[in-house]
Amino acid sequence: MQWNPNQTISEYREQLLEKKFSAHDAIQALYDYIEQRDQTVHAFLYTTKAQALADAKQIDTRIQEGKDIGILGGVPIAIKDNMLIQGTPTTAGSRILESYVATYDATVIKKLKEAGAIIVGKTNLDEFAMGSSTETSAFGPTKNPYDETKVPGGSSGGSASAVAAGMALGALGSDTGGSIRQPSALCGVVGLKPTYGAVSRYGIIALASSLDQVGPFARSVADAARLLQAIAGKDSYDATSSEYDTSKLLAFDTKKARKTVIGIPKEFIEGKGMSVEVKEGIEKALDRFKKAGYQIKSVSLPHVSYAVATYYIVLPAEASANLGRYDGMRYSALPHVNRSSLQEVYNKTRGIGFGDEVRRRILLGMFVLSSGYYDAYYTKAQKMRRLIQQDFYHAFKEVDIIFSPTSPSTAFTLGEKTQDPLAMYLEDMYTIPVNLAGLPAISIPVEKEYSKEHLPTGFQLIGKPWGEYDILNVGNDYEINLRNR
Ligand code: GLN
């Protein structure tokens, strides 16, 4: 059997349940494909072939016995390497966790397993999810499958490129400022960041706890909805998680979708920094919505231009606290350094174990939290965060969902922005405000087909809190009815 890298979860499941192939054969064929394709893409840091084949066998037995296989039964899923899977290495893309092996399953992993999913491996990421290109990974960059001289975006670049290249039918990523949506846009796949609190963060290596959310990558909107259905809901191990009725997430309704009022923030559309390709892409998508009868309204988010600055105070502050626990002894031991005192051991191992971007953010975070600067930076940023959130709430009095570009440019060349942190930070200008406000948002490819000559672009639909259904329903209409199929 040959692996088909162009299928959706729904298509694969249909054939599996019709017994056109066995899960075991499919997963074996998938690994044959990965072994060849990932030599150049480098989406995976680690694969879990033996376990995956054993899991596939169990799914086959259930199918033979006529038992339910779960909503993701037999479906190969890739996992960003900042989520814990018991007995499996988890590095967060960092030297400091190079030899760490997780001792328990993250809640999302437990839920995926309960839904019958088959975990294929751990995907590459920017170190501790800090970055927009997957180039800050301590284990080398991932390439964009459409053009291997380009980045896949980040920080969940491995998950995005695995799904784009068909090395998994879905993947999980984490999104603190855009790390699911921006790589989705650059790799031409669907990526969803749920409402803050929709998905448990238990067992996810924390970056900035008030912003982090786990979400799916998929090859279609319906697949993304199905993955969200599997992972969302209250978890007693994460006090910020909430009850979530996901039973109707897949009940798509075109008529209902077309009654949606779409808001266009004038600050995003008139603002500088958008490339020609992105501008053309979003104009095309918007035109398709208009022609289908969607009501489009201009809205204003007056404080949104402060979002990136606000984020780069809030995030380093929280990250510097979260990363305090990595001392090079707990979690995994780094090679012993010459030491005269405990403090020196910490300083040296952290100096060796963390890369430049991580060190930069720890220093920034310590600074904005230090006495004398706390009020001037941290408190001010918190106030600005509230104003940005209120901007969205005001806009949502007039419109149901908000439309914007996902990222300001298409995939850029490897190395192009590594020496310019500010240029890298601006990659997330359209996605960061959404995390600061805790809202759900999805990135959808403008077109169905892309190529090396015509790189992917995406648009973003932002919903009200717990409005995942609205953005999925409209996104599904676009994908099924409005986009050239
Ligand atoms: N690129 C952003 C950053 O570097 C977002 C990261 C993320 O969402 N994990 O912080």
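This structure is a prediction, so every number in the text was calculated from the model and none was measured. Just follow the structure's listing: the first ligand is 1, and inside any ligand the first atom is 1.
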Flag the pair Y104 / Y202 as yes when their ring centroid distance falls below 6.0 Å, and as no otherwise. yes

Heavy-atom contacts with G131 under 4.0 Å: which atoms of ligand 1 show up? List them by number with element. 1 (N), 2 (C), 3 (C), 4 (O)

Under 4.0 Å from any heavy atom of L207, which atoms of ligand 1 are there? 9 (N)

Which of the numbered atoms in ligand 1 are below 4.0 angstrom from a heavy atom of S155? 9 (N)

Please say whether more than 12 non-hydrogen atoms of neighbouring residues, nucleotides or ligands are located less than 6.0 Å from OH in Y306. no

Atoms in ligand 1 with a heavy atom of M130 nearer than 4.0 Å: 4 (O)

So, Y425 versus Y311, ring centres under 6.0 angstrom or not? no

At under 4.0 Å between heavy atoms, which part of Y311 makes contact with ligand 1: side chain, backbone, both or neither? side chain

Counting heavy atoms under 4.0 Å, the part of Y312 that contacts ligand 1 is side chain

The atoms of ligand 1 lying under 4.0 Å from a heavy atom of D428, numbered in the order shown, are 1 (N), 2 (C), 5 (C)

Looking only at atom types and distance, does a side-chain atom of R483 sit under 3.5 Å from a main-chain N or O of P445, one as donor and one as acceptor? yes

In ligand 1, the atoms that come under 4.0 Å of a heavy atom of D175 are 8 (O)

Shortest protein contact, atom 6 (C) of ligand 1 (heavy atom only): S179 OG, 2.9 Å

Enclosure of Y237 OH (heavy-atom neighbours >12, cutoff 6.0 Å): no

Evaluate the ring planes of F403 and F459, with Trp represented by its six-membered ring, and classify them as parallel (under 30°), tilted (30 to 60°) or perpendicular (over 60°). parallel

Heavy-atom gap M424 to ligand 1 smaller than 4.0 Å: no

Note: ligand 1 atoms sitting under 4.0 Å from heavy atoms of G178 are 8 (O)

Does any N or O of ligand 1 fall below 3.5 Å from an N or O anywhere on A129, backbone included? yes

Report yes or no: does S275 contribute a side-chain atom to a donor-acceptor pair with the main-chain N or O of V278 at less than 3.5 Å? yes

Ligand 1-proximal atoms of Q213, by part, heavy-atom distance under 4.0 Å: neither

Please assess H42 against S137 for the test side-chain contact (heavy atoms from CB on, under 4.5 Å), listing each intermediate value before the final yes or no. CA-CA 11 Å; H42 191 229; S137 168; 5.8 Å; no

Taking atom NZ of K49 as the centre, does the number of heavy atoms from other residues, nucleotides or ligands within less than 6.0 Å exceed 12? yes

